[in-house]
Amino acid sequence: MRPDMASGTKAAEWWRGAVIYQVYPRSFADSNGDGIGDLPGITAKLDYVASLGVDGIWLSPFFTSPMKDFGYDISDYRDVDPIFGTLADFDRLLDRAHQLGLKVLVDQVYSHTSDQHAWFRESRSSRDNAKADWYVWADAKPDGSPPTNWQSVFYGPCWTWDARRGQYYLHNFLPCQPNLNAHNPEVQEALLATARFWLDRGVDGFRLDAINFSMHDPNLTDNPPVAPGVGKRTRPFDFQHHFHNQSHSDIPKFLERVRRLLDTYGARFTVAEVGGEQADREMKLFTQGPERLNSAYGFNFLYADRLTTELIHSTIELWPGEPGEGWPSWAFSNHDAPRVVSRWLEGRDRDAFARQAMLLLIALRGNIFLYQGEELGLPQADVPFERLQDPEAILNWPETLGRDGARTPMPWQASAPEAGFSKAEPWLPIDRAHLPLAVDCQEADPTSLLHLTRRLIALRKAHPALRTGTIRPVDVPPPLLAFERAEGELLCVFNLGEHPVDWPVPPGWRVIEQVGSALHPLSGWIAERVR
């Protein structure tokens, strides 16, 4: 490793405070007319992504997969699924992104594979094969029932019976997604070899999917129940505390191995996806000190039903910037959560809310992830039941919004067939409500959210206070939200309420960016201290 690429240098910390644009490959751009987005389609649209001013892109999985969970059920970690293209297509995408100054992050799914993966096929074949202990297997209880009471995220029990071995295997998600046994050193070596494969191709880092599900309690201790009346219960998963099917204390040791590997490649970046009731603790644990991951991807906002001052303040307080503390990442929308302008809108003006939400996201301390279409203010799409694809949405319909409504194709041209996404009927339908928000419409309107987003990202880049500075809440009358960045260098104020608030810009400050009108509802501004 060259001295100028050491992990502690400023050059190696390109990611600190970065804006990363999430691309969901199935729904971004279709180049071959089969109705499914692909890698050449993404490559053709990278100039648009670069025009936003973002630092890089995160590609959701494009690896070989049966697509039961749309790519998060991987059957070959080291190849591209034919629906997305080829390894050569990926290399061309990577080269073009780098030419445009964009970093490229790819998903790594270390907690589970597809049941079609060669590793699992061998593991299930007998109890004494070379990979017999690569997945989590356990005997039935004397009455034939599963080994523990653990419940999976999507369906029911975490355990599925396999007659080949005469045992149950663990799956925290779908039954076709068996959990790897990451306690096994051989499994860890295989996962690290997968990371090397993509690092050698030139990727700039990884998002580690569901990493807190990667290790279980080997003693197979039952999970305790959640007290009656606590939280919303739409799945068996919601009835228990998930202390033993995930979140084992050895996970940070494995993450240290991941970090050591990436450091040998220089300026690379790792961000963990960490959800669940222990997420706040685990985000900090997985990023603690210089030996673990660079950042953790929080769900504090993604799963919040409402935008409130309490939500923002409580999240700010989690990351006070103490010595040895890691670095957070935030998102308001992604492929797993209903789009923010639908989730937090509460019947108000959609365009005004989208502008306020974008200003707030840009002003937060940490990395920020911008989900494709968020820069357009896309609402959650309406997908009729007969067109649903997501297994979670189908199983829980109509109790949850599901994930399909956040995964519909990107609208590029309002008047083009299928909004310019494809020449064929797409895998999920285009919501007609998205057409007036298409890229071509907003490019032609200098007052659009798209142009505002570019301006706000440029503002964040121009002000180190926004990119990497400290954050401190400011006491203001409700329903105002206010915080300072970089020890009072910038002041950020938002009206999250339904009525105007008389709170003028304090003396000694000059507004440098504003959405809405002077602290009317759905407004906000950023001011700098006058020197």
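Numbers here simply count residues along the sequence, with the first being 1. Just so it is clear, the structure is predicted and the values come from calculations on it, not from any experiment. These values consider heavy atoms only, across backbone and side chains, with no hydrogens, waters or symmetry-generated copies.
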Side-chain donor-acceptor contact under 3.5 Å, Asn219 with Thr221 = no
Does any non-hydrogen side-chain atom of Phe332 lie less than 4.5 Å from one of Leu364?
-> yes
Taking the side chain as C-beta and beyond, is there a heavy-atom pair between Trp327 and Arg365 under 4.5 Å?
-> yes
Candidates Val203, Leu105, Leu261, Leu262 - the one meeting side chain to side chain contact (heavy atoms under 4.5 Å, CB included) with Arg268 = Leu262
Give, for atom CH2 of Trp119 and atom OG of Ser114, the distance between the pair rounded to the nearest 0.5 Å.
-> 12.5 Å
Pairwise distance CD(Gln288) to CD(Glu322) - rounded to 0.5 angstrom = 10.5 Å
Considering the options His248, His183, His244, His242, which one meets the ring-ring contact (aromatic ring centres under 6.0 Å, His included) requirement together with His216?
-> His183
Are any of the side-chain nitrogens in Arg260 or Asp263 under 4.0 Å away from the carboxylate oxygens of its partner?
-> no
Mind checking whether [X] and [Y] have ring centres under 6.0 Å apart?
X      : Y      : answer
His335 : Tyr72  : yes
Trp412 : Phe28  : yes
Trp198 : Phe206 : no

Give me the ring orientation class for [X] and [Y]: parallel if the planes are under 30° apart, tilted from 30 to 60°, perpendicular past 60°.
X      : Y      : result
Phe299 : Tyr303 : tilted
Trp137 : Phe120 : parallel
Phe70  : Trp427 : tilted

Might you work through the side chain to side chain contact (heavy atoms under 4.5 Å, CB included) test for Val153 and Arg235, ending with a clear yes or no?
-> CA-CA 8 Å; Val153 173; Arg235 311 160 294 175; 3.6 Å; yes
Can you list, pair by pair, the side-chain donor-acceptor contacts under 3.5 Å of residues 57-64, counting residues two or more places apart and other chains?
| unit_1 | atom_1 | unit_2 | atom_2 | d |
| --- | --- | --- | --- | --- |
| Trp58 | NE1 | Asp107 | OD2 | 3.0 |
| Ser60 | OG | Gln22 | NE2 | 3.1 |

Under the side chain to side chain contact (heavy atoms under 4.5 Å, CB included) test, residues paired with Ala210 that sit two or more places apart | Ser111, Phe173, Phe213, Glu273
